Amino acid sequence: KYKMARMRPLPILIATGSGYLGYDQYGRYKDRELQKLGIEVPPRVANELQVTIYKSIPTRLLSRAWGRLNQVDLPTWLRKPIYSLYIWTFGVNMKEAAVEDLQHYRNLGEFFRRKLKPQARPVCDSHCVISPADGKILHFGRVKNCEVEQVKGVTYSLETFLGPYTWTESLDDPSSFQDLLVTKEGNELFHCVVYLAPGDYHCFHSPTDWRVAHRRHFPGSLMSVNPGVARWIKELFCHNERVVLSGEWTHGFFSLTAVGATNVGSIRIYFDKELRTNNPRYNKGSYNDLSYVSNNNREGVTMRKGEHLGEFNLG
Amino acid sequence: STIVLLFEAPRDFKFSLTAGQKIHFGEPLGTM
C-alpha cells in the first residue's frame, strides 16, 4: 500500500495516455490498410465519453477571451507584422480586400471583419442558388430519413438541428419532420455545408431571393468545426452555438444556419439588432425564437440573392 | 465557422459541386 501511495500520478497518466494513443493509432492504421484494399471503412466517431470530455473544455470562455484580446487596438508599428503573420499563416488574399492597407485595421477583430472589393465576387445571375460565403464544401446532397450528413458518413438529426417545427402552422398531418418542411408535391429536401477557414472572408450573403420569416438562436458549445472534427464528433452542429434563419423561396422552404466555432464565437445578422450570441449565461438545450413577420409586415425580411446578410466575429 | 443551407427544391435539382472543393461567395451551387 505504501508503495502504491508513493507512486507518482504523472508516470501513470503518461503510461495510460500513451497506451490509449497507441491503441487509437493502431486502429487508424488498420482502417487505412482496409481502405487501401478498397474496403469502405465507416469514419471513427468519438464515443460518448470523448464527446463529454471535449464539451467540458470551456470553449465559450476561451472564445470570449480571444474576442476581448482581438478588440485591443494595436499600435500602428505592430499592425503590419501581426497581420502579415496572420495573412501568411492562413493564406489570406489581401488583393481582394476593399482596404489593402494593413495600417487601416486597428485590431485583429476589425481585420477579421474586412470587406471585399465589390468586383472581387461577381454574383452568378444564371443560377437560382449561390454560395453564401467563401469556404470549402464539406458536404451536400439530398436529405434522407431526417438525417443530414455533416461529412460523408457522419450525420446529425434534422429536427435536433432546426428545433421543433413551430415557426409556422402546419396544416396536414405529416409522417415525418422532413415531410413537414417540404411544402410542395414532387419536391425534395437538399442541404449544403460550407466550412469557412480562419483565413476566409467571414461575411455571408443571401444565397437566393427569399423571404426570411423566423430566427431561432441556439446558444451552445463552441467546439471547432474544422473538417477533421466534423468527421470525429457526430451531431457536432447540434452541439454548437448557431442561428437558424428560415423562410420561403420560390420553391418553398428555405433556411440558412450560421454555426459558430471556438475562435469565431459571435454571429451577427445585419437586420436583426436584437440577436446576441456567445453570452456567458445560457440554459443548456435552450433556444430563443424571433419572428420577422408581424401585423404590419406580413412578408418577413425580403433578401435578394447576393445581398449582405451577416458576419462571423472573433470571440 | 460553418454555414448550413437546408432547402426544398424540385426533385431534379442537381448540385454542381465536389465535396472538399473551395468555393467563393456568388458562385453557383446547383441547377434545376
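Small disclaimer: the values here were computed from a predicted structure and weren't measured. All values below come from the heavy atoms of this structure, side chains included, with hydrogens, waters and symmetry mates left out. Chain letters run A, B, ... following the sequence lines, proteins first and then strands; every chain starts at 1.
At a 4.5 Å heavy-atom cutoff, the contact between A/Leu162 and chain B is made by side-chain atoms alone. For chain B, no part of A/Asn240 is nearby; none of its heavy atoms comes within less than 4.5 Å. In this structure, no portion of A/Leu116 lies under 4.5 Å from any heavy atom of chain B. For chain B, the nearby part of A/Leu181 is the backbone; its heavy atoms alone come within less than 4.5 Å. Contact annotation for B/Ser16: neither backbone nor side-chain heavy atoms come within less than 4.5 Å of a heavy atom of chain A. Both the backbone and the side chain of A/Lys184 come within contact range of chain B, each with at least one heavy atom under 4.5 Å from a heavy atom of that chain. Contacts of A/Phe312 with chain B are made by side-chain atoms alone, with heavy-atom separations under 4.5 Å and no backbone atom involved. Contact annotation for A/Trp210: neither backbone nor side-chain heavy atoms come within less than 4.5 Å of a heavy atom of chain B. Of the two parts of A/Leu256, the backbone and the side chain both hold a non-hydrogen atom closer than 4.5 Å to a non-hydrogen atom of chain B. For A/Val225, the parts sitting under 4.5 Å from any heavy atom of chain B are the backbone and the side chain alike.
The nearest pair of heavy atoms linking B/Gly20 to A/Lys136 is O-CG, 3.5 Å. Contact between B/Ala9 and A/Trp249 at its shortest, heavy atoms only, is CB-CZ2, 4.0 Å. The two residues A/Phe140 and B/Leu17 come nearest to each other via the heavy atoms CZ-O, 3.3 Å.
Below 30°, between 30° and 60°, or above 60°: for B/Phe25 and A/Tyr201 the angle between ring planes is between 30° and 60°, a tilted geometry.
Contact tally against chain B (heavy-atom pairs below 4.5 Å) for A/Val244, A/Thr208, A/Val194: the top residue is A/Val194. Chosen from A/Val148, A/Thr183, A/Val123, A/Val193, the residue pairing most often with chain B at heavy-atom distances under 4.5 Å is A/Thr183. The choice from A/Ala261, A/Pro198, A/Cys124 that makes the most heavy-atom pairs within less than 4.5 Å of chain B is A/Cys124. Chain B forms the most heavy-atom pairs under 4.5 Å with one residue out of A/Ala120, A/Gly260, A/Ser131, A/Pro207, and that residue is A/Ser131. Top candidate by heavy-atom pairs under 4.5 Å with chain B, chosen from A/Val259, A/Thr250, A/Leu222, is A/Val259.
Rounded to the nearest 0.5 angstrom, B/Phe15 CZ and A/His191 NE2 are separated by 7.0 Å. The NE2 atom of B/His24 lies 4.5 Å from the CG atom of A/Asp134; values are rounded to the nearest 0.5 Å. How far CG of B/Leu5 is from CG of A/Leu245: 10.5 Å, rounded to the nearest 0.5 Å.
Put simply, the side chain of A/Phe161 reaches to within 4.5 Å of the side chain of B/Leu6, judged on heavy atoms. Looking only at side-chain heavy atoms (C-beta outward), B/Val4 and A/Tyr156 come within less than 4.5 Å of each other. Residues A/His127 and B/Glu27 form no side-chain contact, since every pair of their non-hydrogen atoms from C-beta on lies 4.5 Å or further apart. Counting only heavy atoms from C-beta outward, the side chains of A/Val129 and B/Phe13 approach each other to under 4.5 Å.
The backbone N or O of A/Phe253 lies less than 3.5 Å from a partner atom in the side chain of B/Glu8, making a donor-acceptor pair.
Around atom CG of A/Asn145, no more than 12 heavy atoms belonging to other residues, nucleotides or ligands sit under 6.0 Å away.
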**Request:** Mind running side chain to side chain contact (heavy atoms under 4.5 Å, CB included) on B/Thr18 and A/Ile137 for me, showing each step along the way?
**Result:** CA-CA 7 Å; B/Thr18 316; A/Ile137 299 291; over 6 Å; no
